[in-house]
Amino acid sequence: MHCLIAPAGASPQPAWMHPLDALLARAAELPPCAPDPLDLHTPAERWLGRLHGLPDSAALPLAAWRLQDRSRPWAFVSPLHLRVQATQVSALPQSLLALTDAESRALFDALAPLFPADEGWEWQWLSPLTWAASHAELDGLALASLDRAVDRPVTPWLPQERRIRRWTNEAQMLWHTHPVNAARELAVNSIWWWGAGRFAGEPPTQLQQPLDEAQAAEAMASLQRGDVLALAGERQVRSFHQGFSEKPLVDPESNHILHPL
């Protein structure tokens, strides 16, 4: 069993992390996962890819994994605010949008004419800040993950695919005068495409939202049972286990992933 703790954003360390200190001091550390800083995927995502047998050069199909759909390619589509400054464009953290369900669904529904079903599009509203789109042209695209672009200049992470830029520009123009934005102080003025591709590798058996205290207790119990516990940060994933065992590190049949997708 493998357990991944990947806190979302740059929030302070929660109190339930403190008991891990003594536990990790007695654990054996495995080789870290430290991808290139310009990798399109975060270390946590790359760790998941390795765990499921995909090479470090692969574009990880994060959306298809979450939807558990093996039949067609998917991508996440996330609404956000791009702040245009004199020398750069930066993506603000999504939490600053404080987007309600009603606002999100109104913006989501407005996209339908741009991506009609009779042209092969399928869309799913997953949460106010995360949607999913499916189309044959999303297969095989290498797109930077949302966490790579948020709260920093977006230029190094912009998609190279012309079609993605075109679809994004069309959404931006559509929302420019949308009633939701007219009533908001902070406009939702763009979307971010990420996690694209067709289902590949063995999927995690469980995906959960960011850890709460009870889930953290299970993570620590997992380490005490001899399972692998991985802690993801901005630059690397460090993984630990209690002593050495004969079981393989990668065991796709018994993964237990706690990961904020």
Side-chain angles (χ1 to χ4, degrees), residues 40-41 59-64 66-67 69 71-198 261:
L40 296 180
H41 292 288
L60 303 179
L62 301 173
R66 173 163 173 178
L67 296 172
D69 188 348
S71 64
R72 55 189 299 165
W74 285 90
F76 286 126
V77 181
S78 295
L80 47 72
H81 178 89
L82 294 182
R83 174 172 291 171
V84 181
Q85 298 171 299
T87 59
Q88 66 183 26
V89 177
S90 57
L92 298 187
Q94 282 188 299
S95 59
L96 296 181
L97 290 175
L99 199 61
T100 67
D101 284 10
E103 291 173 326
S104 175
R105 288 189 180 276
L107 294 171
F108 175 84
D109 291 342
L111 295 179
L114 299 180
F115 307 97
D118 60 8
E119 294 183 7
W121 287 95
E122 181 179 338
W123 285 73
Q124 289 192 32
W125 188 93
L126 303 177
S127 74
L129 298 175
T130 306
W131 312 332
S134 179
H135 193 274
E137 292 191 57
L138 294 171
D139 195 6
L141 296 186
L143 303 175
S145 290
L146 180 65
D147 284 344
R148 285 305 207 194
V150 166
D151 210 16
R152 67 196 70 193
V154 301
T155 300
W157 309 108
L158 289 174
Q160 300 303 309
E161 294 287 343
R162 186 171 299 176
R163 74 195 91 168
I164 294 290
R165 292 175 180 253
R166 173 169 52 84
W167 295 336
T168 301
N169 289 339
E170 290 173 349
Q172 290 172 331
M173 290 186 291
L174 179 69
W175 286 348
H176 183 65
T177 57
H178 193 281
V180 166
N181 279 328
R184 290 177 56 85
E185 182 176 349
L186 188 62
V188 183
N189 62 8
S190 191
I191 53 178
W192 195 264
W193 302 77
W194 59 287
R198 190 178 296 274
L261 286 183

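Heads up: numbering here begins at 1 and tracks the sequence. In what follows, every heavy atom counts, from backbone to side chain, and hydrogens, waters and symmetry copies are set aside.
Glu103 places a side-chain N or O within donor-acceptor distance of the main-chain N or O of Thr100, the cut-off being under 3.5 Å. Although no hydrogens or angles enter the test, the distance criterion places a donor-acceptor pair under 3.5 Å between the side chain of His135 and the main chain of Glu119. Listed for the Arg163 side chain is a donor-acceptor partner under 3.5 Å among the backbone atoms of Glu137. Between the side chain of Asp139 and the backbone N or O of Pro73 there is no donor-acceptor pair closer than 3.5 Å. Within the 3.5 Å criterion, the main-chain N or O of Leu92 finds no donor-acceptor partner in the side chain of His81. Here the side chain of Gln94 pairs a donor or acceptor atom with the backbone of Leu129 at under 3.5 angstrom. Checked by atom type and distance alone, the side chain of Arg72 never pairs as donor or acceptor with a backbone atom of Arg198 at under 3.5 Å. In this structure a side-chain-to-backbone donor-acceptor pair under 3.5 Å is present from Arg152 to Arg148.
In this structure, His41 NE2 and Leu143 CG are separated by 8.0 Å, a value rounded to the nearest 0.5 Å. Note: Asp151 CG to Leu96 CG = 8.0 Å, rounded to the nearest 0.5 Å. Here CG of Asn189 is found 13.5 Å from CE of Met173. Values are rounded to the nearest 0.5 Å. To the nearest 0.5 Å, atom CD of residue Glu161 and atom CG of residue Leu141 are 5.0 Å apart. Distance CG/Leu99 to CG/Leu186: 10.0 Å, rounded to 0.5 Å.
For the pair Trp175 and Leu111, the minimum side-chain heavy-atom distance is below 4.5 Å. Considering only heavy atoms from C-beta on, Val89 stays 4.5 Å or farther from Thr155 through its side chain. Residues Ile164 and Leu138 are in side-chain contact: their nearest non-hydrogen atoms beyond the backbone lie under 4.5 Å apart. Side chains of Pro79 and Leu107 form no contact here, defined as non-hydrogen atoms less than 4.5 Å apart. Inter-residue side-chain proximity for Leu126 and Trp131 is flagged as unmet; no heavy-atom pair is nearer than 4.5 Å. Under the 4.5 Å side-chain criterion, counting only non-hydrogen atoms from C-beta, Val154 is not in contact with Gln88. Side-chain contact between Trp74 and Asp69: present, with at least one pair of heavy atoms (C-beta onward) separated by less than 4.5 Å. The closest side-chain heavy-atom distance from His178 to Val188 is not below 4.5 Å.
The minimum heavy-atom distance linking Ala59 with Ala142 is given by the pair CB-CA, 4.1 Å. Across every non-hydrogen atom of Pro128 and Ser104, the tightest pair is O-OG, 2.8 Å. Here the closest heavy-atom approach between residue Pro113 and residue Ala110 is recorded as CD-O, 3.1 Å. Looking at every heavy atom in both residues, Phe115 comes nearest to Trp123 through CB-NE1, 3.3 Å. Between Ala64 and Gly197, the shortest heavy-atom contact is CB-O, 3.7 Å.
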Candidate pair Asn181 and His176, rule side-chain contact (heavy atoms from CB on, under 4.5 Å), full reasoning: CA-CA 7 Å; Asn181 279 328; His176 183 65; over 6 Å; no

Worked check of side-chain contact (heavy atoms from CB on, under 4.5 Å) between Leu40 and Trp157: CA-CA 7 Å; Leu40 296 180; Trp157 309 108; 4.2 Å; yes

Full working for side-chain contact (heavy atoms from CB on, under 4.5 Å) between Leu146 and Leu80: CA-CA 10 Å; Leu146 180 65; Leu80 47 72; 3.8 Å; yes

Pair Gln172-Leu82, side-chain contact (heavy atoms from CB on, under 4.5 Å): steps then yes or no: CA-CA 10 Å; Gln172 290 172 331; Leu82 294 182; 4.0 Å; yes

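Looking only at atom types and distance, the side chain of Ser145 has no donor-acceptor partner in the side chain of Asp147 under 3.5 Å away. Side-chain atoms of Ser78 and Trp194 form a donor-acceptor pair, as typed in the model, at a separation below 3.5 Å. Side-chain atoms of Ser90 and Arg83 include no donor-acceptor pair closer than 3.5 Å.
Relative ring orientation between Trp193 and Trp167 is described as tilted, the plane-to-plane angle lying within the 30° to 60° band.
By the 6.0 Å contact criterion, CZ on Arg166 is enclosed, its count of non-hydrogen atoms from other residues, nucleotides or ligands being greater than 12.
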